[in-house]
**Q** 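Attaching a single structure in structure tokens format; questions to follow.
Side chains included, hydrogens not; waters and symmetry mates left out as well; all remaining heavy atoms used.
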Amino acid sequence: MLPSMGENPHAEHLSELLEGLNEPQREAVTHGEGPLLILAGAGSGKTRVLTHRIAYLIFTDQAQPSEILAITFTNKAAREMSGRVEGLLGRRTRGMWLMTFHAACARILRAEADRLGYTRQFTIYDQADSRRLVRRSADAAGVDPKRYTPALLHNQISAAKNRLQAAADLRTAASAAGSPFAEMLADVYELYERDLLRMNALDFDDLLFRAVNLFELFGDVRDRYRATFRHVLVDEYQDTNYAQYRLLQLLVADQPLRAGAPASADGDAADVDGGAAGGYAVSDGGAPVSEGSAARARERDSVPHRNLAVVGDDSQSIYSFRGADVRNILDFQEHFPDAHVVKLEQNYRSTERILRAANAVIANNRGGIAKRLWSELGEGDRVHLRALDDEHAEARFVVGEIERLVDEGTSRSEIAVLYRTNAASRVIEDALVRREIAYQVIGGTKFYERAEIKDAIAYLTLLANPFDVVSFTRIVNSPRRGIGQTSLARVLAHANAMDISVWQAASEPSSIAGLSTAAAKALERFMATMAELRALAGTGAEDVGDDEPSEFLDVRAHGIGELLQATLARSGYLEALEAERTIEAEGRIENLEQLVEVAREFDLATEDGALGDGVGALETFLQQVALVADADARRDDESLITLMTLHNAKGLEYEVVFISGLEDGVFPHSRSLDEGSLEEERRLFYVGITRAMRELYLSYARRRAAFGTPMTGVRSRFLDEIPADLLDEVDSLERFRPGLGGTFSSREATAGGWARAQVREGAVASFRLGEDVVHAAFGEGVVTGVEADGVIVVRFAGDGSERKLMAEYAPVSRR
DNA sequence: ATCCTGATTTTTTTT
DNA sequence: AAATCAGGAT
């Protein structure tokens, strides 16, 4: 299978490519056809292996760039990998698909939208948009929003989608189980789905779900992509969910190999929507296949090639809350019995002591694939552990230590402070500001989630997709135009009744029943502005509201930057902000200017027709904006300390790492204790530890304010899992160990933060199967399972949900 | 329709 | 402590 190096024109590249790789790395890079599982411990050079493998496939002529689909989880990772592949290949990366799951699916769906009953201008709703829509659906279904919050309902729907369950599947299951909660959920899900389709919109989960639908319903489409992507590579495979697994399955293999897939993955295919199979012309133009490779692809048959290379580390699986399933990586060899397996255990990042701490911590998890990280970087310093009086003292300690390190010559860009929840950044920020140390916070309040940015985007979105009710609702009265709740409701009702787009309904205010003259006039002015902008965007308004897919807006003539600027000016949005004359408004204006700048950059970057796929520039821009997380905006600025959550830190490395808030209830988080997902918290700790190259600082506070009220806390149980000889624990006097004469034991005191208040003292945790229990938050229930480690499974009467609880710590008792 | 005020709630983690 | 929400006044 391997071409001999002598005949290969790239021979010198090849040896260069393999130089400096260790044995298992080289094995992974040079693996030929067929499934490949790369178990890559933290810091073991997995990105290197992935990028070199891509280059190797191309140099050995096993694949053209356009035949490679490389998938990451974040845009940042995609960009990084793209840069590195370019470094190896030069310009030969053109045509390669190197992007996130969501971006790849969005691109495919844009090209094939008509097959599923959408137009190519479909909107992508982020979580906030989706939630707003769920709220409306729940409202329409008569659900009490107090009892079932839109957030809870959306989570349930999202989870269902990640399991590839459509509303109809939930309905079937609900009837079978006779659960009123499930019936209600199915109601909301149905309404939500109907609205999404009507608005020509997809939520995040739909991107995956609909892509799977597409491949399942249309074999020809699936075959086309299957033939196109001869090699599929996936990074962070431990974080894939069922939908992603299924998608890969469809791309590289024939049958679903996993038995016992959650519920009926087949039932939903028919459910996509009424119009799905309804005779849309098969589009040929949208196929993302370049001329040459298309020809080559056609020569090959569509027999699944099984060329799937996945890289991951089960010990770093930390996204189960969003549907990720570690089993995907654990069972890879069952899914692909002929898989070649490579283990990367040599770590090139951290000193020995840090790795020993990490190994010791993760050893407390059961199951998983045995790995033992080692490095040649020497012993290194011990892990620093500090106990502080409260969170302010902790922040001062962290900042003081940062000042010392910087004085000694450490670059600020080499220092990161990690915490469990976004809210925890505030105290540390305060301390940094006080000492005048520049920093950046990754994640948290996101640029693209700011109201003014979302407003601006909504304007553009409505121009592209006249069906988008969410965007319309958002901007119709922003800035204030005198179109309030009542008028808005009338417009929406009218659009609904007449079965026309909101745009069309709003364009003729006179025909809307019950609309006040003032409101009608305001609406008329608003729509005149929008029509103007739409004309500026390069399209007549005549196709708006038709069910026929409209042509893409041609903004090429002006550019999106200009369109955006015109939008902000003519809508009166900027004017309204300027009139406020507040510092806050000034900040908003600055943000908007930044967004215009982003749009201009986009215009420049796509000037040379790099857009491809025959997709409109505006759609592409909006899609790009919808799919970027703020974590991508990390700057490698020399002068900034970096603050972020542990989740955001995955994949990164720093010379010096602080992990703060190591208290039970904070980390591990109280909520995860309730749900019995302690092992995932431990993996998160493992991820945090392994970010550190040289120095690792762990800290906790004995007292910490939760919701404004101070609470006493206990140091994290995870700290006791690190062998004492690895620790440098200066504050030994105040250090507390259970059973050594402390005033409380870790059994009585518990979960920090608000959960602590719910805990009764001395509740001895022993529950039996079938016992009736009552929980402080979830109400009455019955024990349906008793697991190891004091974990019990309880089915609650209230909502029929089944939850795993830590009997010892959850506020649950016999009744 | 909009603004003000007091009450209530918030803290996982994110593509 | 801060942000969001509900209800009532303007």
**Q** A:H669 stacking on B:dT12: centroids under 5.5 Å, ring planes under 30°?
**A** yes
**Q** Not counting sequence neighbours, which residues clear side-chain contact (heavy atoms from CB on, under 4.5 Å) with A:S478? List them please.
**A** A:D455, A:Y573
**Q** Does A:Q127 reach a base, just sugar-phosphate, or nothing at all? Heavy atoms under 4.0 Å.
**A** base
**Q** Starting from P on B:dT15, measure out to CZ on A:R210 and report it in whole angstrom.
**A** 22 Å
**Q** Is it true that atom CZ of A:R525 has more than 12 heavy atoms of other residues, nucleotides or ligands lying nearer than 6.0 Å?
**A** no
**Q** What interatomic distance, in whole Å, is found between P of B:dT11 and the corresponding atom of C:dA6?
**A** 15 Å
**Q** For A:R691, give me all partners under salt bridge (charged side-chain N to carboxylate O under 4.0 Å, His left out), at least two apart in sequence or on another chain.
**A** none
**Q** Under 3.5 Å, is there a donor-acceptor pair linking the side chains of A:E112 and A:Y118?
**A** no
**Q** Where each residue is assigned the nucleotide of DNA chain B containing its nearest heavy atom, which of A:T149 and A:F101 is assigned the position nearer the 5′ end?
**A** A:T149
**Q** For B:dT14, does OP1 or OP2 lie under 4.0 Å from any side-chain N or O of A:R322?
**A** no
**Q** For residues 235-244 of chain A, pull every pair meeting salt bridge (Lys or Arg N to Asp or Glu O under 4.0 Å), keeping only residues two or more places apart or in separate chains.
**A** A:K46-A:D235, A:K46-A:E236, A:E236-A:K650, A:D239-A:K650
**Q** Can you check the A:K650 NZ to B:dT15 C1' distance for me, whole Å?
**A** 11 Å
**Q** Can you tell which of B:dT14, B:dT12, B:dT15 lies closest to the side chain of A:T74?
**A** B:dT15
**Q** From the options B:dT14, C:dC5, B:dT12, select the nucleotide whose nearest atom is closest to the side chain of A:R135.
**A** C:dC5
**Q** Determine, for nucleotides 1-9 of chain B in 5'-to-3' order, which nucleotides have protein heavy atoms under 4.0 Å from the base (write B), from only the sugar-phosphate (write S), or from neither (write -).
**A** SSS------
**Q** It should be established whether A:S672 places a side-chain nitrogen or oxygen under 4.0 Å from OP1 or OP2 of nucleotide B:dT13.
**A** no
**Q** How would you list, by chain and number, every residue that makes a side-chain contact (heavy atoms from CB on, under 4.5 Å) with A:Q127, sequence neighbours excluded?
**A** A:R131, A:H154
**Q** Is there a donor-acceptor contact under 3.5 Å linking the side chains of A:D468 and A:T461?
**A** no
**Q** Side-chain contact, heavy-atom cut-off 4.5 Å: A:V441 with A:R426?
**A** no
**Q** Can you tell me how far P of B:dT12 sits from CG of A:N422, to the nearest Å?
**A** 11 Å
**Q** Would A:F204 count as stacked on B:dT15 if the rule is ring centres under 5.5 Å and plane angle under 30°?
**A** no
**Q** Is it the case that the ring center of A:H647 lies less than 6.0 angstrom away from the ring center of A:F321?
**A** yes
**Q** Rounding to an integer number of Å, can you tell me how far A:N648 CG sits from B:dT13 P?
**A** 10 Å
**Q** Starting from P on B:dT15, measure out to CG on A:L109 and report it in whole angstrom.
**A** 19 Å
**Q** Can you tell me the distance, in whole Å, between the CD1 atom of A:I442 and the C1' atom of B:dT15?
**A** 17 Å
**Q** Any side-chain N or O of A:N241 less than 4.0 Å from the OP1 or OP2 oxygen of B:dT15?
**A** no
**Q** Given atom CD1 of A:I428 and atom P of B:dT11, what is their separation to the nearest angstrom?
**A** 18 Å
**Q** Quick one: A:H647 NE2 to B:dT15 P, roughly how many Å, whole number?
**A** 11 Å
**Q** Between the protein and nucleotides 1-4 of chain C, which nitrogen or oxygen pairs come in under 3.5 angstrom?
**A**
from, atom 1, to, atom 2, distance (Å)
C:dA1, N6, A:F707, O, 3.3

**Q** Of the non-hydrogen atoms in A:A431 and A:V399, which two are nearest, and what is the gap between them?
**A** CB-CG2, 3.5 Å
